[in-house]
Amino acid sequence: MLSDLQTAALVSREGSIDWCCFPRFDSGACFAALLGTPDNGRWSLAPAGEVREITRRYRPQTLVLDTVFETADGVACVTDFMPPRNDVPDIARIAECREGTVTMRCELVLRFDYGRIVPWVRTTDDGWRAVAGPDAACLRTPIELHGEDYTTVAEFTLSAGERVPFVLTWYPSHRDAPAHVDADESLRETEAYWRDWSGRCTYDGRYREAVEQSLRVLKALTYAPTGGIVAAPTTSLPEAIGGGRNWDYRYCWLRDAALTLGAMLRSGYAEEAEAWRAWLLRAVAGVPADVQIMYGIAGERRLDERELEWLPGYEGSQPVRIGNAASEQPQLDVYGEVIDAMLRAREGGAPALEQAWSVLLATLEWLADGWRRTD
């Protein structure tokens with residue numbers, strides 16, 4: 001998983017980005033091969049020929065991913081990352097030859113609206129542009145690109161020490177394309193960001209490396225503008241292959257977020273706890289009886305559920321759903337989890353807020369009778 005703290009991308013073991021939603025976690029996917037086929041959108045960057053072995057790892061204390069491909073002629077590495085966002089989201093990929101000579105192949109299939117919409121693509125001096133409705137994207141690379149069957153393709157050969165960057169940027173189609181991103185400079189900044197964040201971890205036990213990695217994943221699921229925390233970056237991955245229990249988890253469950261908050265606080269991350277408390281107070285504002293078990297990442301209450309019939313589903317698991325009708329279910333335990341999370345935030349150093357206290361009092365007053373409801 002790559003993340004810019006507003007959305008995420010999933011990279012397969014073979015070097016293909018098979019899932020990504022722009023510009024938010026809950027936006028329409030532009031790469032949806034995870035729930036269908038490559039024709040539903042993906043971005044592959046890997047050796048053109050046979051690969052003997054693939055290994056991959058995050059760089060220490062970061063979410064910068066190195067995928068190493070060993071071939072008969074040499075060794076190549078693809079470095080993938082998403083810079084913490086300033087204005088618009090970027091996915092950067094750097095192909096590098098470490099030994100010998102390797103011919104690489106890039107295949108980019110961009111499909112907006114969960115793999116349904118084929119954009120209008122045109123080449124530019126530094127790559128290409130793609131536009132469809134409100135969505136636009138630009139790919140910048142020094143490598144020459146061409147089209148094959150609605151796929152953008154590039155094939156190039158690297159010798160030891162040579163490297164080639166690719167930067168894909170989403171932006172609203174009514175705006176001009178954003179400024180060029182220097183991939184190497186952005187890589188340094190992204191590594192520095194994650195190492196600085198990881199260095200704030202106060203856990204000092206036997207499993208520090210595993211705890212740090214888990215905390216980075218939780219941080220990566222945080223929507224920075226609001227402080228909301230999504231349960232997962234995906235929708236419709238099945239509970240059982242071939243089954244129909246396929247739900248959209250790109251939303252904020254109060255129960256899950258309270259558990260995440262506890263993990264963050266125990267490891268020294270009070271800033272995230274304070275941001276989540278602010279999100280919570282906005283999300284639940286109103287009548288205590290109307291508190292939901294889950295909300296959108298900005299606190300949205302309506303998460304209307306529908307099925308996407310054009311996607312075959314993960315390993316044929318249908319239906320594919322977006323939205324989540326569970327947002328309308330009453331589940332009384334959520335009140336206790338909210339109160340517990342507010343307590344944890346205070347104990348973790350979050351300042352006292354009159355609004356937070358008022359919300360707690362109103363919640364307890366309602367619970368005096370409300371606990372009798374059927375959930």
Side-chain angles (χ1 to χ4, degrees), residues 1-3 7-22 24-46 50-51 53-58 63 65 67 69 78 80 82 91 107-117 151 210 213-214 216-218 220-221 229-253 255-257 259-260 293-294 296-297 303-329 331:
M1 181 174 70
L2 315 175
S3 173
T7 191
L10 299 185
V11 189
S12 79
R13 197 175 297 274
E14 291 75 30
S16 175
I17 297 177
D18 289 340
W19 180 259
C20 184
C21 303
F22 282 146
R24 309 192 333 173
F25 288 107
D26 57 351
S27 299
C30 63
F31 299 134
L34 184 71
L35 300 180
T37 71
D39 289 338
N40 298 123
R42 68 154 185 170
W43 183 9
S44 174
L45 183 58
E50 182 180 353
V51 176
E53 186 177 2
I54 301 173
T55 57
R56 59 181 184 165
R57 67 175 182 89
Y58 288 118
L63 284 185
L65 177 67
T67 303
F69 302 91
V78 174
D80 293 325
M82 295 182 72
I91 300 176
E107 293 184 2
L108 177 60
V109 182
L110 194 69
R111 298 290 184 266
F112 294 117
D113 191 26
Y114 300 98
R116 190 176 194 182
I117 298 177
T151 299
Q213 182 62 42
S214 297
R216 279 190 291 276
V217 172
L218 295 177
L221 295 173
I229 303 170
V230 298
T234 51
T235 180
S236 299
L237 295 186
E239 292 186 14
I241 299 296
R245 298 178 63 81
N246 318 321
W247 313 114
D248 193 344
Y249 287 107
R250 299 171 299 158
Y251 305 113
C252 306
W253 271 258
R255 179 186 300 111
D256 297 55
L259 295 171
T260 298
I293 65 168
M294 57 190 286
I297 55 180
L303 307 178
D304 298 335
E305 185 177 301
R306 66 188 183 97
E307 298 179 3
L308 306 183
E309 67 280 356
W310 62 87
L311 286 173
Y314 183 85
E315 297 289 334
S317 304
Q318 290 185 313
V320 171
R321 296 181 175 93
I322 59 172
N324 200 309
S327 59
E328 301 173 8
Q329 294 179 1
Q331 296 181 12

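Quick caveat, the model's predicted, so the values are computed rather than measured. Each residue takes its place number in the sequence, starting with 1.
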Closest non-hydrogen atom pair between [X] and [Y], with its separation:
{"X": "Ala231", "Y": "Asp256", "result": "CB-OD2, 4.2 Å"}
{"X": "Glu107", "Y": "Thr151", "result": "CB-CG2, 4.1 Å"}
{"X": "Gln213", "Y": "Arg216", "result": "OE1-NH2, 3.0 Å"}

- Message: If you count heavy atoms of other groups shown closer than 6.0 angstrom to CD of Glu50, is the number above 12?
- Response: no
- Other residues, nucleotides, ligands: >12 heavy atoms within 6.0 Å of Glu328 CD: no
Would you confirm whether [X], through its side chain, and [Y], through its main-chain N or O, come within 3.5 Å as a donor-acceptor pair?
{"X": "Ser317", "Y": "Gly313", "answer": "no"}
{"X": "Asn246", "Y": "Pro319", "answer": "yes"}
{"X": "Trp247", "Y": "Gly323", "answer": "no"}

- Message: Set out, in order, the CA-CA distance, both residues' side-chain angles and the distance that settles side-chain contact (heavy atoms from CB on, under 4.5 Å) for Thr55 and Glu53, then state yes or no.
- Response: CA-CA 7 Å; Thr55 57; Glu53 186 177 2; 3.8 Å; yes
- Carefully, step by step, assess Leu34 and Leu237 under the rule side-chain contact (heavy atoms from CB on, under 4.5 Å). CA-CA 9 Å; Leu34 184 71; Leu237 295 186; 3.8 Å; yes
- Under the side-chain contact (heavy atoms from CB on, under 4.5 Å) criterion, do Cys252 and Met294 qualify, and how do the steps go? CA-CA 5 Å; Cys252 306; Met294 57 190 286; over 6 Å; no
Check: residues 9-19 side-chain donor-acceptor pairs under 3.5 Å, at least two apart:
from, atom 1, to, atom 2, distance (Å)
Ser12, OG, Glu14, N, 3.2
Ser12, OG, Ser16, N, 3.1
Ser12, OG, Ser16, O, 3.4
Ser16, OG, Asp18, OD1, 2.5
Trp19, NE1, Pro233, O, 2.9

- Message: Would you say that Arg24 contacts Thr7 through its side chain, given a criterion of any heavy-atom pair below 4.5 Å between the two side chains?
- Response: no
